[in-house]
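A quick write-up on the structure given underneath.
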Amino acid sequence: MLSIDRSIIDAIVAHARRDHPDEACGVVAGPVGSDTPTRHIPMDNAARSMTFYEFDSMEQLRVWREMDERDEEPVVIYHSHTATEAYPSRTDVSFAGEPGAHYLLVSTRDTDAEEIRSFRIVDGVVTEEPVRIVDGLVTEEPVRVVDAAVDPHAVQSYKFGQSPTAVDYECSGS
């Protein structure tokens, strides 16, 4: 599950809406090993495209060096889809190079709704996860959990060209 502060989500959605009709992209950094997104870093879409995003190579080098200097890592890598659902495309999957990161997608196709979804992408396997939006970094109670469209007790994974599979893990108290 991705737990992320409401103010960061608001900044990501604002960035996506501001760059629409082009896809927006960026990173949310956090302390190494914490899985806690704390610092929003909007980046330029060098492709300037409605259907594709690409970090500017010089900006990416600068941002990754800055994260290294601050003992941070990319906890969230985000981008927007302007005309489709918030779901990774084949290109998104092929370029997913941070196996420890949450890949957050925002759809800006509907101006009146927030569509936010998060995925783990490792070796071409996409696994959707719930998004827990919290108020304040120290708050543990969710303001709202964005439905990841999966049974919260199941894990969904798939490779492109295959159907999704769901594995239901039951935990007993013994």
Side-chain angles (χ1 to χ4, degrees), residues 1-4 8-30 35 37 39-64 67 73-133 144-152 154-167:
M1 176 185 297
L2 170 62
S3 291
I4 190 165
I8 294 173
I9 287 292
D10 289 347
I12 290 170
V13 170
H15 180 205
R17 296 218 186 275
R18 184 176 61 246
D19 282 11
H20 188 87
D22 290 339
E23 289 192 3
C25 58
V27 175
V28 183
D35 199 37
R39 188 168 64 96
H40 176 233
I41 308 166
M43 297 174 69
D44 291 327
N45 179 355
R48 304 262 190 260
S49 170
M50 297 182 342
T51 58
F52 179 74
Y53 84 96
E54 178 180 31
F55 292 143
D56 175 86
S57 60
M58 294 306 293
E59 182 181 31
Q60 184 175 6
L61 179 63
R62 179 187 58 76
V63 167
W64 260 249
M67 283 189 290
E73 63 187 352
V75 176
V76 174
I77 297 175
Y78 74 87
H79 75 280
S80 62
H81 283 183
T82 61
T84 61
E85 69 177 321
Y87 200 82
S89 67
R90 289 178 191 261
T91 304
D92 296 338
V93 173
S94 69
F95 285 118
E98 295 285 343
H102 302 269
Y103 285 87
L104 187 81
L105 278 86
V106 176
S107 177
T108 57
R109 66 184 171 172
D110 184 349
T111 58
D112 297 326
E114 276 184 5
E115 184 183 344
I116 303 162
R117 295 168 77 183
S118 184
F119 305 86
R120 295 292 192 146
I121 305 174
V122 180
D123 296 329
V125 177
V126 177
T127 304
E128 187 166 8
E129 63 184 349
V131 178
R132 181 176 179 226
I133 300 173
R144 123 178 168 228
V145 174
V146 177
D147 182 8
V150 296
D151 178 348
V155 175
Q156 280 195 342
S157 298
Y158 70 92
K159 285 195 173 192
F160 279 100
Q162 298 177 354
S163 298
T165 59
V167 179

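All of these numbers come straight from a predicted model, not from anything done at the bench. In what follows, every heavy atom counts, from backbone to side chain, and hydrogens, waters and symmetry copies are set aside.
Residues in residues 9-21 take part in these salt bridge (charged side-chain N to carboxylate O under 4.0 Å, His left out) pairs, two or more places apart or across chains: R6-D10. Here salt bridge (charged side-chain N to carboxylate O under 4.0 Å, His left out) pairs that include residues 39-53, with residues two or more places apart or in two chains, are R39-E66, R39-E72.
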message: Could you go through F95 and F55, starting from their C-alpha distance and side-chain angles, then the distance that decides it, and tell me whether this counts as side-chain contact (heavy atoms from CB on, under 4.5 Å)?
response: CA-CA 11 Å; F95 285 118; F55 292 143; over 6 Å; no

field: Stepwise side-chain contact (heavy atoms from CB on, under 4.5 Å) check, I8 with V28
entry: CA-CA 8 Å; I8 294 173; V28 183; 3.8 Å; yes

- request: Please lay out, stage by stage, how I12 and I116 fare under the test side-chain contact (heavy atoms from CB on, under 4.5 Å).
  value: CA-CA 10 Å; I12 290 170; I116 303 162; over 6 Å; no

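Here the closest non-hydrogen pair linking E129 and S118 is OE2-OG, 2.7 Å. Heavy atoms only, all atoms of each residue included: H102 and M1 are closest at CE1-O, 4.0 Å. Nearest heavy-atom pair across A16 and V106 is CB-CG1, 4.1 Å. Scanning both residues, P37 and D35, for their nearest heavy atoms gives CD-O, 3.6 Å.
Residues satisfying the side chain to side chain contact (heavy atoms under 4.5 Å, CB included) criterion with A101, sequence neighbours excluded, are I77, E98, Y103. Evaluation of the side-chain hydrogen bond (donor to acceptor under 3.5 Å, both in side chains) rule for D56 yields no partner, not counting sequence neighbours. Shown here are the side chain to side chain contact (heavy atoms under 4.5 Å, CB included) partners of P42, two or more places apart in sequence or in another chain: H15, H40, Y78. Partners of H79 by ring pair (Phe, Tyr, Trp, His ring centres under 6.0 Å), not counting sequence neighbours, listed by chain and number: Y53, H81. Partners of T108 under the side-chain hydrogen bond (donor to acceptor under 3.5 Å, both in side chains) rule, at least two apart in sequence or in another chain, are H20. Checked against side chain to side chain contact (heavy atoms under 4.5 Å, CB included), E85 has the following partners two or more places apart in sequence or in another chain: Y87, R109, E115, R117. Checked against side chain to side chain contact (heavy atoms under 4.5 Å, CB included), T51 has the following partners two or more places apart in sequence or in another chain: S49.
Side-chain contact between F119 and T127 is absent, with no heavy atoms from C-beta onward closer than 4.5 Å.
In this structure, CG on L105 lies 11.5 Å from SG on C25, to the nearest 0.5 angstrom. To the nearest 0.5 angstrom, I121 atom CD1 is 9.5 Å from S94 atom OG.
For T82 (side chain) and E23 (main-chain N/O), no donor-acceptor pair under 3.5 Å exists by modelled atom type. Side chain of N45 to main chain of A24: no donor-acceptor pair is present (N/O by atom type, distance under 3.5 Å, no hydrogens or angles). When atom types are taken as modelled, the side chain of S107 and the backbone of T84 share a donor-acceptor pair closer than 3.5 angstrom.
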